[in-house]
Amino acid sequence: MLKNIGMLIEGAIRGGGIPLEVVNPANEEVIARCGRATPSDAADAVAAARRAWPAWRDTPLAVRRQTLLRIADAVDQNANELTELVTLEQGKPLKDAAIEVQTASGVLRYFAESDFAPHVVQDDGHQRAEIHRRPLGVVVAITAWNFPLLMGVYKLAPALIAGNTFVLKPSPTTPLSSLRFCELIADIVPAGVVNVLVDGGDIGPILTSHPDVAKVSFTGSTTTGRSIMRSASETLKRLTLELGGNDAAIVLDDVDVKAVARQIFGLAFVNSGQVCMSIKRIYVQSAIYDEMCDELAVLANAAKVGDGRHAETQFGPLQNRRQFDVVKELLEEAPRYGKVIAGGRAWGPGYFVQPTLVRDITEGNRLVDEEVFGPLRSVLKFDTVDEAVQRANSSSYGLGASVWSRDTALATQVASRLEAGSAWVNQHFAVAPHIPFGGVKQSGIGVEFSREGLYEYTYAQSVVVAKDPVRS
Ligand code: NAD
């Protein structure tokens with residue numbers, strides 16, 4: 001059992017109320033008990049962030065930059081501990097957790113370079129007009145369990161550098177790395193600038209309807225995104241919603257099947273399929289369909305699934321019992337919709353599922369039409385490019401999509417017809433701090449990362465100064 005890690009509210013660690021048990025998904029053992037926030041803890045966190053805001057807003061940019069760099073240093077100096085915590089609570093292999101921690105530090109360093117020089121849109125004899133980016137106030141971040149540390153950090157970095165204060169509410173099943181991160185930075189940020197709450201799934205609505213919260217940045221399911229939008233509407237909060245995805249990969253028949261199968265496999269099953277932007281629907285052109293299915297099946301059957309702490313593990317468990325049950329139900333249904341050519345097996349203790357592939361399947365069932373957040377993927381056959389584009393776009397989601405071909409020009413032209421926030425060619429899930437990512441349709445509103453993402457933590461203020469002397 002880990003030593004208890006508390007919430008951070010106004011610079012002090014607080015224990016909270018009823019304990020929340022955090023479970024290791026690789027063996028179902030309780031690894032920590034954290035005190036859950038009461039509604040009054042949540043109110044205190046927002047009030048602390050509100051009180052801290054004017055001073056943080058007026059802190060020179062150079063000091064805010066230094067603060068972000070010191071936070072990044074703290075992440076780097078404690079990278080091993082944070083990596084182990086991410087694996088322990090989330091289940092992913094240590095090497096993937098290490099990448100998550102490194103990326104968190106990289107995102108902090110990227111946003112530390114942010115520039116807020118005003119944009120001059122008019123400067124003549126009549127007036128000078130400048131557009132400034134101003135902070136919004138208190139930002140609430142609510143996150144999912146698949147990247148438990150990184151998600152909070154990539155919301156915190158732009159929020160803080162822009163001059164906002166911050167309240168983070170991680171997922172109830174993976175709060176530990178966020179709590180430890182906030183404990184590590186408690187002496188780096190002024191009291192109240194960053195606060196973190198633990199909950200049992202009940203505190204979100206208090207935050208999203210709170211009149212002193214200016215913006216909610218949310219990553220999670222589309223259903224919860226809709227609830228948040230409703231809850232935030234009364235007080236007209238700004239929203240960034242990063243929601244579910246059902247990404248298509250379109251594989252044209254001129255590819256090197258073996259090489260592309262390896263890449264597609266890795267990008268479909270990364271984090272045991274629990275990635276919003278992983279490949280979920282694999283569309284393969286008919287001439288190479290059988291060969292591609294065979295190659296993917298070999299990889300899936302050979303995949304090493306186990307405890308993320310073991311060096312040989314390629315894929316860890318599902319993160320929680322609820323998700324495990326959902327995926328087991330889909331595994332049972334799968335033979336009704338197509339032919340299971342690899343995997344199909346789930347076991348415990350822990351929440352393990354062998355990478356599973358279904359071929360000879362088409363749209364019109366849960367496996368293809370819904371977001372499958374686990375290691376279960378469909379391989380669909382198509383004849384023409386137009387057909388593939390139409391079927392890829394038939395989803396209500398629009399997060400990412402990719403096209404695979406030796407003919408990069410053709411693939412790029414096909415990719416540009418896909419209804420998705422990110423369109424990739426001969427790769428997938430290629431996210432980076434300087435490239436915006438976000439969804440269209442039911443995958444969300446707004447973007448994270450890059451200058452566009454930064455601006456979502458600000459509003460545009462026009463400062464317009466008359467040149468003529470004031471006449472009385
Ligand atoms: P979820 O929507 O169940 O929960 C996400 C967070 O919202 C948790 O912290 C939860 O406690 C909180 N929450 C739940 N109900 C709430 C409410 N009514 N008001 C406010 N907060 C509430 O999602 P999950 O199961 O944790 O994560 C999986 C989902 O997240 C998948 O659909 C996945 O695609 C999506 N996701 C999207 C992205 C992206 O960037 N687009 C990234 C990762 C995950």
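Only this structure's heavy atoms are used, side chains among them; waters, hydrogens and symmetry mates stay out. When a ligand or atom number is given, it counts from 1 through the structure's own listing order. Numbering starts at 1 and runs along the sequence shown.
The shortest contact between atom 41 (N) of ligand 1 and any protein heavy atom is with Leu243 O, 2.6 Å. Nearest to atom 21 (N) of ligand 1 among the protein's heavy atoms is Gly204 CA, 3.6 Å. Nearest protein heavy-atom neighbour of atom 6 (C) of ligand 1: Thr143 O, 3.3 Å. Here the heavy atom of the protein found nearest to atom 24 (P) of ligand 1 is Trp145 NE1, 3.4 Å. The single protein non-hydrogen atom nearest to atom 28 (C) of ligand 1 is Phe373 CE2, 3.7 Å, given as residue, atom name and distance. Among protein heavy atoms, atom 12 (C) of ligand 1 sits closest to Ile142 CG2, 3.6 Å. Residue, atom and distance of the protein heavy atom nearest to atom 40 (O) of ligand 1 are Glu242 CB, 3.3 Å. The single protein non-hydrogen atom nearest to atom 4 (O) of ligand 1 is Thr224 OG1, 4.5 Å, given as residue, atom name and distance.
A salt bridge does not link Glu456 to Arg238: none of the charged side-chain nitrogens sits closer than 4.0 Å to a carboxylate oxygen.
Only the side chain of Ile228 comes within 4.0 Å of ligand 1, counting heavy atoms alone; its backbone N, CA, C and O stay farther away. Residue contacts with ligand 1 for Phe147 are absent, since no atom lies close enough (heavy atoms, distance under 4.0 Å). When heavy-atom distances to ligand 1 are checked against a 4.0 Å cut-off, Glu371 comes that close only through its side chain, counted from C-beta outward. Heavy atoms of Val275 found under 4.0 angstrom from ligand 1: none, in either backbone or side chain. In Asn146, the part holding a heavy atom less than 4.0 Å from any atom of ligand 1 is the side chain.
Within the cation-pi definition used here (under 6.0 Å to the ring centroid, within 45° of the axis), Arg133 qualifies as a partner of Tyr455. Figure legend: cation-pi geometry between Lys215 and Tyr457, with NZ or CZ positioned under 6.0 Å from the six-membered ring centre and within 45° of its axis.
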Identify all side-chain donor-acceptor contacts of residues 342-353 below 3.5 Å with residues at least two apart in sequence or on another chain.
none

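In this structure, CG on Leu241 lies 10.5 Å from CD on Gln442, to the nearest 0.5 angstrom. Between atom CG of residue Leu108 and atom OH of residue Tyr154 there is a gap of 13.5 Å, rounded to the nearest 0.5 Å.
The shortest separation from a heavy atom of Pro172 to ligand 1 is under 4.0 Å, placing the residue in contact. Distances shorter than 4.0 angstrom occur between a heavy atom of Pro205 and an atom of ligand 1.
Of all atoms in ligand 1, numbered sequentially from 1 with element shown, those under 4.0 Å from a heavy atom of Pro170 are 9 (O). Near Phe437, with a cut-off below 4.0 Å to any heavy atom, the atoms of ligand 1 are 40 (O). Interface atoms of ligand 1 facing Ser171, defined by a heavy-atom separation under 4.0 Å, are 9 (O). Those atoms of ligand 1 that come under 4.0 Å of a heavy atom in Leu399, given as number and element, are 41 (N).
Of the options Gly245, Gly400, Cys276, Ser221, the smallest heavy-atom separation from atom 2 (O) of ligand 1 is shown by Ser221. By heavy-atom distance, the residue among Gly220, Ala144, Ser231, Pro175 lying nearest atom 35 (C) of ligand 1 is Gly220. Summarising the contacts of atom 10 (C) of ligand 1 with Gln319, Met151, Lys169, Lys280, the nearest heavy atom is found in Lys169.
In terms of N/O distances under 3.5 Å, ligand 1 is not approached by Thr219. Not one N or O of Ser443 is nearer than 3.5 Å to an N or O of ligand 1, by distance alone.
Checked against side-chain hydrogen bond (donor to acceptor under 3.5 Å, both in side chains), Tyr459 has no partners two or more places apart in sequence or in another chain.
The number of heavy-atom neighbours closer than 6.0 Å to CD of Glu332, taken from other residues, nucleotides and ligands shown, is 12 or below.
Residues Trp145 and Phe373 bring their aromatic ring centres within 6.0 Å.
Nearest heavy-atom pair, Val431 versus Phe449, reported as atom, atom and distance to 0.1 Å: CB-CE1, 4.5 Å. The nearest pair of heavy atoms linking Arg64 to Arg57 is NH1-O, 3.5 Å. Nearest heavy-atom pair, Gln354 versus Asn301, reported as atom, atom and distance to 0.1 Å: NE2-O, 3.7 Å.
In summary, the side chains of Ser395 and Lys280 do not present any donor paired with an acceptor at a separation below 3.5 Å, with no hydrogens or angles considered.
Using a 4.5 Å heavy-atom threshold, the side chains of Val198 and Ile203 count as separate.
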